[in-house]
Amino acid sequence: MLFNSTDYLLFLPIVFIIYWALNKSYKNQNILLLLASYVFYGWWDWRFLSLIIFSSFVDYFIGLKIDANTENRIRKRWLIVSLCSNLGLLAVFKYFNFFTESFAEAMSMLGWQVNALTLDIILPVGISFYTFQTLSYTIDIYRKNLKPTTHIISFFTYVSFFPQLVAGPIERASNLLPQIESVRTFKWHWFKAGIFQIFIGLLRKIAIADNLGLYVDSIYAYPEIHNTSTIILATVFYAFQIYFDFSGYSDIAIGSAKLMGFKFNRNFDLPYFSNSITVFWRKWHISLSSWLRDYLYISLGGNRKGIKITYRNLMLTMLLGGLWHGSSWNFVIWGAIHGLALSGEKFIFARKKNKYFGAIGYVYTFLVVLFAWIFFRAENIKDALMACRQIVSLDFGMPFMGNISIMVHGVLMLFVGLCFDSYLFKKKIPLEEIGEQFNTTKLAISISVIILILCAFYSTSENFIYFQF
Amino acid sequence: MNNKDIKAVLKLLACILIITYIADKLIYWQIDNICDKVYTGQSVGKLNHFLSVKDTMDVVVFGSSRANHHIDTKEIAEKSFNMGLDGKQIAYSATLIKTLPKNKKQIVIFHVDPIELFDPEYKGADIIHLNSKYHKIKEIAQEIDKTEQYNFLQKIYWTIDYNHKAIGIVRNYLKPQYDYKLYDGYDPISLNEKQKKIRDITLAAIDDLDCFDEYNSNKLSANYIEDVHEFCRTNNKKLVVITSPKHQYPCPSTSKRLTKFMEDRGIKHYNYINLFDKETNNDYWKDKTHLTSIGVEKFMQEFVNNMKNTLNDN
């Protein structure tokens with residue numbers, strides 16, 4: 001089920017009403033959330049529910065086993081079982097074809113012809129997200145940062161909780177499980193904040209991102225025929241498309257959870273207002289970047305083993321972070337660009353008193369991020385290199401406008417989105433808190449304006465970009 | 001959740017519903033007033049223009065951008081109008097054909113491509129481009145409802161009728177793009193030097209085109225064509241289905257199946273999809289599916305010659 005579908009428009013209020021009607025027992029509420037989450041996921045393809053259930057079972061029992069053993073060797077063995085089963089699922093469903101094809105290509109470059117064994121595999125929606133979520137659970141227990149839950153329903157609800165099931169935010173057990181295992185009370189100010197954030201999310205997704213996407217798709221379908229200005233314009237639009245698409249999704253997720261009395265962590269914090277790539281990664285997809293930092297970068301040694309190892313760790317973390325997004329060399333290159341920029345900043349900051357670049361840093365950061373988006377957006381390496389070639393050809397003619405109506409709607413909606421974000425940046429107000437500051441009339445007017453903008457300017461899109469990861 | 005909370009939630013929802021309902025109708029009424037005066041522009045203006053002239057035309061052309069750019073209506077009849085539009089397929093055109101006057105003798109030229117008949121994924125989504133008439137023309141509303149392509153919120157929020165159209169309407173209202181009285185709906189294509197270079201790259205590229213060989217005709221598309229055939233038969237219209245040239249169209253079997261589909265139903269079909277296969281002149285083309293005015297000139301000679309008998313009958 002998609003957040004921007006009319007199905008969800010009916011699903012959410014129904015779950016909301018039944019959920020609060022059951023507020024005498026949080027355990028009954030959890031059962032409802034579990035069932036609702038499975039319906040939510042099964043709406044897309046019920047067959048893949050078995051994967052979530054399998055993953056939940058494995059990590060529930062492994063969590064208990066790790067905690068029950070005091071001997072480090074046995075705890076480690078259980079952790080490895082968890083890592084193998086979770087990463088094994090990812091490897092089969094997400095990376096099998098990629099690795100076999102890459103192997104065959106590498107062999108053919110060496111002169112050996114090998115037929116790539118590829119399987120006709122459908123990528124289960126959300127597998128990268130819930131796999132990372134369950135992994136963090138067992139790793140935290142192994143590190144003795146978390147006590148496992150003994151309530152199987154609670155754990156299953158944690159893994160499959162519908163607002164964050166298919167595209168995050170990747171909520172840690174340490175934040176979400178205690179909320180699942182305690183009584184939730186309806187808070188009016190949370191309701192106001194949640195419903196406002198849901199509508200802002202819808203605005204960002206279907207009025208801003210989807211309108212920009214129409215132009216971007218038309219340009220990136222044939223990068224070879226467009227001039228420098230057009231490719232740059234399409235890439236700038238894509239930078240905002242993916243931001244508003246994914247942050248919009250996160251807003252709807254966080255808002256929906258709030259309606260049920262759950263507080264998720266922020267996933268985006270105005271990332272384009274960053275004056276270095278280091279800062280950018282503290283503001284972009286925060287739940288993933290902090291996951292990579294805590295479970296990969298630090299596990300590799302972080303910055304504790306000398307500067308060379310730090311560079312290696314940064315590169316590895318970003319390369320794997322890129323690969324997490326999809327089984328394509330495009331994502332690996334995207335990760336490499338960010339890894340290089342982060343390493344470069346580490347090098348410069350080690351020699352500077354100030355750990356920031358100043359105002360020019362905003363421009364530098366946006367340019368690096370923009371360059372990396374070319375690889376993220378292009379269909380394949382060939383198209384990405386073609387787009388880069390067109391940019392360096394310095395053919396600054398008039399950019400291709402395509403359908404004027406699409407362009408005008410895209411620019412207008414982008415303007416609305418940027419004004420709103422600039423307001424948040426200037427006032428230093430987190431989006432999560434705006435709704436609760438409004439009285440009923442102000443909130444009703446604000447949401448009504450958003451609804452009318454959506455009616456006039458919404459654009460239909462098949463999916464959220466991050467569903468493919 | 002106590003009674004106070006329930007009341008607060010209901011009050012908020014009631015406020016939103018009342019405000020949006022009233023504001024929506026006011027906005028709709030404003031846009032609708034302006035819209036009625038707009039006769040230029042591809043999204044709403046051309047539709048308004050068609051609705052205003054359809055009862056007086058002898059020949060009317062329907063179809064996608066290929067109809068729009070390929071059929072020079074004036075070559076066929078003085079009183080003619082080309083209602084071909086970018087992105088429109090069978091559902092959109094068939095719905096408009098059914099709005100033609102019942103008793104006036106007319107020739108209906110319906111441009112249909114093989115993909116439109118055999119694409120199994122086609123669900124008539126192009127009909128939503130008639131949304132601006134959803135609350136104004138009953139027949140159109142019925143057809144939109146029938147395809148289930150409407151947004152159910154449209155029943156409450158009427159401004160959805162003008163989704164993605166309002167800015168274009170206002171722009172064409174304030175500054176019409178052309179003199180619509182001189183416009184017959186046909187839009188010829190000519191290319192500048194840069195576009196020619198892009199065209200040459202596009203024509204040289206090899207496309208992995210799905211010929212839909214394993215699929216029967218799409219039920220919805222087939223029903224629409226049969227409906228149109230029946231409508232024309234019973235309402236004094238002559239239906240001519242045409243498929244204009246494509247550049248080196250690689251699916252001859254699909255093309256033949258389209259012709260057979262029409263023949264089986266007794267529908268006159270002129271299939272020119274491979275007309276220029278032996279020509280090497282790139283000047284005929286804008287891309288693999290669209291002819292330039294040079295290509296159209298050559299194509300129209302062929303088409304008008306073949307159409308002569310039909311015209312004489314009329």
Side-chain angles (χ1 to χ4, degrees), chain A residues 5-6 9-10 13 16-17 19-23 184-189 191-192 195-196 199 207 210-211 214 222 224-227 259 261 395 397-398 400 403-409 411-412 438-460, chain B residues 1-2 4-24 26-28 31 41-44 86-87 125 128 149-154 156-172 177 194-195 197-202 204-205 287:
Chain A
S5 66
T6 44
L9 192 68
L10 297 174
F16 175 81
I17 291 166
Y19 178 82
W20 288 112
L22 294 172
N23 69 347
R184 275 88 64 180
T185 49
F186 180 87
K187 297 184 189 89
W188 172 235
H189 61 283
F191 178 86
K192 288 193 292 182
I195 199 160
F196 183 72
F199 277 97
D210 290 352
N211 274 310
L214 295 172
Y222 303 101
E224 68 275 15
I225 63 174
H226 294 293
N227 63 12
L259 296 190
D395 177 8
M398 265 294 285
F400 172 74
N403 185 323
I404 290 294
S405 168
I406 288 174
M407 175 59 84
V408 171
H409 283 90
V411 171
L412 181 70
F438 290 162
N439 60 29
T440 305
T441 313
K442 206 169 170 184
L443 183 61
I445 292 171
S446 308
I447 291 175
S448 299
V449 169
I450 295 174
I451 290 174
L452 294 169
I453 292 176
L454 291 178
C455 287
F457 298 109
Y458 81 88
S459 174
T460 50
Chain B
M1 202 176 185
N2 56 34
K4 197 180 145 200
D5 293 327
I6 295 171
K7 271 186 194 165
V9 170
L10 291 177
K11 189 181 159 194
L12 175 67
L13 295 180
C15 283
I16 293 170
L17 279 177
I18 292 166
I19 295 170
T20 50
Y21 190 81
I22 295 169
D24 169 74
L26 289 173
I27 294 169
Y28 175 85
I31 301 175
Q42 291 291 297
S43 89
V44 171
D86 193 13
I128 59 168
Q149 290 295 326
Y150 68 94
N151 183 336
F152 84 91
L153 290 171
Q154 205 173 339
I156 308 164
Y157 297 119
W158 292 14
T159 39
I160 292 178
D161 291 9
Y162 288 109
N163 172 257
H164 260 241
K165 296 186 178 91
I167 292 176
I169 289 170
V170 173
R171 190 166 61 108
N172 280 286
Q177 292 175 32
K194 198 170 178 188
Q195 288 167 325
K197 276 184 193 161
I198 294 171
R199 180 265 321 275
D200 292 342
I201 297 171
T202 314
D287 53 40

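Here is the naming used below: chain letters follow the sequence lines, and residue numbers restart at 1 for every chain. Just so you know, these numbers use all the heavy atoms, side chains as well, and skip hydrogens, waters and symmetry mates.
Of the residues considered (A/Thr441, A/Leu443, A/Val408), A/Leu443 shows the highest number of contacts with chain B, using heavy-atom pairs under 4.5 Å. Ranked by heavy-atom pairs shorter than 4.5 Å toward chain B, the options A/Asn211, A/Thr185, A/Leu412 are led by A/Asn211. Ranked by heavy-atom pairs under 4.5 Å with chain A, the first of B/Ile160, B/Thr202, B/Leu17, B/Ile18 is B/Ile160. Each of B/Ile27, B/Thr20, B/Leu12, B/Ile6 has some count of heavy-atom pairs under 4.5 Å with chain A, and the biggest count is that of B/Leu12.
Between the side chain of B/Asp5 and the main chain of A/Trp188, no donor-acceptor pair closer than 3.5 Å is present. At least one donor-acceptor pair under 3.5 Å links the side chain of B/Asn172 to the backbone N or O of B/Gly168. Checking side-chain atoms of A/Asn23 against main-chain N and O of A/Arg184 turns up no donor-acceptor pair under 3.5 Å.
Residue B/Ile201 touches chain A through its side chain alone, counting heavy-atom pairs closer than 4.5 Å. Looking at B/Lys194, the atoms closer than 4.5 Å to chain A (heavy atoms on both sides) all sit in the side chain, from C-beta outward. With a threshold of 4.5 angstrom between heavy atoms, B/Leu153 approaches chain A through side-chain atoms but not through N, CA, C or O. Interface remark: A/Ile17 contributes no atoms to any contact with chain B (heavy atom separation under 4.5 Å).
Heavy-atom contacts from other residues, nucleotides or ligands closer than 6.0 Å to CZ of B/Phe152 number more than 12.
For the salt bridge (charged side-chain N to carboxylate O under 4.0 Å, His left out) test, residues two or more places apart in sequence or in another chain that qualify with B/Arg199 are B/Asp283.
A/Thr6 is not listed as a side-chain neighbour of A/Leu10, based on a closest heavy-atom distance of 4.5 Å or more.
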